[in-house]
S.K.: 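Here it is: the structure, laid out below.
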2 protein chains.
Amino acid sequence: MRHGEGGLRERKKLQTRAALADAALRLALEKGPDQVTVEEIAEAADVSVRTFFNYFPHKEYAILARNPEHLERALERMRTAPAEESPLTTMWFIVNDVLRDLESDGQLSRRGELIMSSPSLLYQLMLSSLDDERQLTAALAERMGEPAGSVRPALIVSTAGAACRVVMELHKSAPDRPIRDLLDEAFHLLAQGIDAAFGPDHQKKGTS
Amino acid sequence: MRHGEGGLRERKKLQTRAALADAALRLALEKGPDQVTVEEIAEAADVSVRTFFNYFPHKEYAILARNPEHLERALERMRTAPAEESPLTTMWFIVNDVLRDLESDGQLSRRGELIMSSPSLLYQLMLSSLDDERQLTAALAERMGEPAGSVRPALIVSTAGAACRVVMELHKSAPDRPIRDLLDEAFHLLAQGIDAAFGPDHQKKGTS
DNA sequence: GGACAAACTTGCACCCACTGCAAACAATTA
DNA sequence: TAATTGTTTGCAGTGGGTGCAAGTTTGTCC
């Protein structure tokens, strides 16, 4: 009577979820992510609109179909990295992992193009990334032995994310350099400092 | 027959816009930004819902009521800063200007609290900030004499923004240090480098 | 000052993302 | 096999937002 992994119910749920995600991505690529409707996606996956929302809280989530393994892998990488590996180096590996989905042969993948072309997709990605960011920051602070509200871990995680985003935008505007070249340059700048001449304190005192 | 500044039409438009923005902020603070409806805001400002959308493309825009002068001041600062002032120092002054709205006596202002408490407000702010960011990046690249698609100007602007956001989040979670202290620490880290030991190249070669 | 044009407001119908509720249906358990 | 549990679905509704056209207000010209 009992089935192997999870039973018929569980298997059907996974199938439905996959069907919705597939349909969403396909139709978003065909029609544009802001043009395709939830009704079209649900119909293509052979479920009702109401059921769609049992699976995904927002239309964009179905299109993005973020793989929860990404965050898991990132947190795992954070925990198991060699002790001598510096924090930003770990973030570099994590970001490169994320880029697998967004880049292909130095160019934006179709999925990457899709995300960079739609404010609502970018929104949902950025919002959910904020949550990931908080978890990564907590894991990094723990690894660095710093208290939870420290500036440096939060800054490393958030600026690594900002660098990734900026690099993709730069590449979209002017695709003459591979994305990974741009990313390496950005990470090296972050590592060594983006402005050795920074100095509002001295200047401020001079003017007051 | 002619009136002074802009005529009756222009004056009424400004008044309506201000009334909508005032009502939006007041009601958002009273009821919560995600709870207040456009109908309530329009009614409080004595106009129709349809008219509301003649003024603001999204509900959040009315609540945020971003002052276009902020970007103008920032771009002006970028153009007129002393030649010897470094790029990140300029961004520091710009971010401190923005913080006037979000912080008061080292604590988050009510407006700052509002923004940090609502994903949809944060979204609209982040999205519109992306547009500002692009303009600031272009202005900074020009000032630095770098081509439009360069990594460093984009990185300076985007990481300054990320630092501002992160600092506010850190403060919200643990309000024991003034916001400006946190911000100064973040900017100094960015300036001098967040990770001197960064080195995936060396490590990568060692493992391959 | 009246006629006319331009600009703005408003009402209306509609679209679409999303939610709560309960009946119907399918899978699982006793 | 009947009872229980979990899932789907239909339905009504909310609220943000859009296009269109009629009504109203302001500005211009004679």
Side-chain angles (χ1 to χ4, degrees), chain A residues 1-21 23-24 27-28 31-65 118-125 127-128, chain B residues 1-21 23-24 27-28 31-65 118-125 127-128:
Chain A
M1 196 61 68
R2 281 184 180 264
H3 298 275
E5 277 265 26
L8 187 58
R9 272 194 165 137
E10 190 58 35
R11 293 207 309 277
K12 290 191 107 176
K13 275 180 66 176
L14 290 177
Q15 281 167 7
T16 301
R17 186 183 181 85
L20 283 167
L27 290 169
K31 296 165 171 268
D34 297 314
Q35 279 69 51
V36 66
T37 63
V38 171
E39 188 172 357
E40 289 168 326
I41 298 170
E43 192 172 325
D46 203 30
V47 296
S48 72
V49 168
R50 190 64 191 84
T51 298
F52 174 95
F53 285 109
N54 289 342
Y55 284 87
F56 298 103
H58 305 290
K59 183 178 85 169
E60 292 81 14
Y61 274 44
I63 299 173
L64 291 169
S118 159
S120 66
L121 274 185
L122 189 58
Y123 159 49
Q124 292 292 354
L125 189 59
L127 254 200
S128 54
Chain B
M1 195 62 70
R2 284 188 178 258
H3 297 277
E5 277 267 27
L8 187 58
R9 270 194 170 130
E10 190 60 33
R11 293 208 309 278
K12 288 192 108 174
K13 275 180 70 177
L14 290 177
Q15 280 167 9
T16 301
R17 186 182 183 87
L20 284 168
L27 291 168
K31 296 164 171 268
D34 297 316
Q35 280 69 53
V36 67
T37 63
V38 171
E39 189 172 358
E40 288 168 328
I41 297 170
E43 192 172 325
D46 203 29
V47 297
S48 72
V49 169
R50 191 63 192 85
T51 299
F52 173 95
F53 286 109
N54 289 343
Y55 284 85
F56 298 102
H58 306 291
K59 182 178 85 167
E60 293 79 15
Y61 274 45
I63 299 174
L64 291 169
S118 158
S120 66
L121 274 185
L122 189 57
Y123 160 48
Q124 292 292 354
L125 189 58
L127 254 199
S128 55

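As the structure is a prediction and not an experimental result, all values here were calculated from the model. Letters A, B, ... are given to chains in the order of the sequence lines, protein chains preceding strands, and every chain is numbered from 1. The basis for the numbers below is simple: all heavy atoms, side chains too, and nothing from hydrogens, waters or symmetry mates.
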S.K.: Checking only heavy atoms, does the side chain of B:Arg9 share a donor-acceptor pair with the base of D:dT25 at less than 3.5 Å?
M.R.: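 Side chain to base: pair found, below 3.5 Å.
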
S.K.: Using whole Å, what does the distance between atom P of nucleotide C:dA6 and atom CG of B:Asn54 come to?
M.R.: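 That distance rounds to 19 Å.
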
S.K.: What is the separation between atom CD on A:Glu10 and atom P on D:dT8, rounded to the nearest whole Å?
M.R.: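 The distance from CD of A:Glu10 to P of D:dT8 comes to 11 Å, rounded to the nearest Å.
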
S.K.: To the nearest Å, give me how far apart CZ (A:Arg11) and C1' (C:dT28) are.
M.R.: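 Atom-to-atom, A:Arg11 to C:dT28, this comes out as 13 Å.
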
S.K.: Would the distance check show the side chain of A:Glu43 and the main-chain N or O of A:Glu40 forming a donor-acceptor pair, the cut-off being under 3.5 Å?
M.R.: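 Pair absent, no side-chain N/O of A:Glu43 close to backbone of A:Glu40.
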
S.K.: I'd like a list of close polar pairs between nucleotides 16-18 of chain C and the protein, N/O only, cut-off under 3.5 Å.
M.R.:
residue	atom	partner	partner atom	Å
C:dA17	OP1	A:Val38	N	3.4
C:dA17	OP2	A:Val38	N	3.3
C:dC18	OP1	A:His58	ND1	2.9
C:dC18	OP2	A:Lys59	N	2.7

S.K.: Rounded to whole angstrom units, what separation is found between the CG atom of B:Leu27 and the P atom of D:dG15?
M.R.: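 One finds 14 Å between P of D:dG15 and CG of B:Leu27, rounded.
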
S.K.: Would the number of heavy atoms belonging to other residues, nucleotides or ligands and lying under 6.0 Å from CD of A:Gln35 be above 12?
M.R.: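 Enclosed.
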
S.K.: Can you tell me the distance, in whole Å, between the CZ atom of A:Phe56 and the C1' atom of C:dT19?
M.R.: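 So the CZ-C1' distance, A:Phe56 to C:dT19, works out to 18 Å.
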
S.K.: Under 4.0 Å, counting only non-hydrogen atoms across every strand here, what does A:Tyr55 touch: a base, just sugar-phosphate, or nothing?
M.R.: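 Touches sugar-phosphate only.
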
S.K.: In whole Å, what is the span from the NZ atom of B:Lys13 to the P atom of D:dT24?
M.R.: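 Computing the B:Lys13:NZ to D:dT24:P distance gives 21 Å.
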
S.K.: Quick one: are B:Phe53 and B:His58 in side-chain contact, heavy atoms under 4.5 Å?
M.R.: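 No - every pair of side-chain heavy atoms lies 4.5 Å or more apart.
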
S.K.: Grab the NZ-P distance between B:Lys12 and D:dT25 for me, whole Å please.
M.R.: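 In whole Å, D:dT25 P lies 8 Å from B:Lys12 NZ.
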
S.K.: Okay, side chain of B:Thr51, backbone of B:Val47: is any donor-acceptor separation there less than 3.5 Å?
M.R.: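 Looks like no, no N/O pair under 3.5 Å.
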
S.K.: Do any N or O atoms from the side chain of A:Lys59 and from the backbone of A:Val36 form a donor-acceptor pair under 3.5 angstrom?
M.R.: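 The answer is yes, because a donor-acceptor pair under 3.5 Å joins these two groups.
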
S.K.: Are the side chains of B:Tyr61 and B:Pro57 in contact, using a 4.5 Å heavy-atom criterion?
M.R.: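 Touching, per the 4.5 Å side-chain cut-off.
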
S.K.: Would one find more than 12 heavy atoms of other residues, nucleotides or ligands at under 6.0 Å from atom CG of A:Asp46?
M.R.: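 No, because the 6.0 Å sphere around CG of A:Asp46 holds 12 heavy atoms or fewer from other groups.
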
S.K.: Measure the distance from CD on B:Gln15 to C1' on C:dT9 and round it to the nearest whole Å.
M.R.: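 It works out to 15 Å between those atoms.
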
S.K.: Under a 4.5 Å cut-off applied to non-hydrogen side-chain atoms, are B:Arg17 and B:Phe56 in contact?
M.R.: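 Of all side-chain heavy-atom pairs linking B:Phe56 with B:Arg17, at least one is under 4.5 Å.
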
S.K.: Within the sub-3.5 Å range, which N or O atoms of nucleotides 21-24 of chain C have a protein N or O partner, and how far apart are they?
M.R.:
residue	atom	partner	partner atom	Å
C:dC21	N4	A:Arg50	NE	3.4

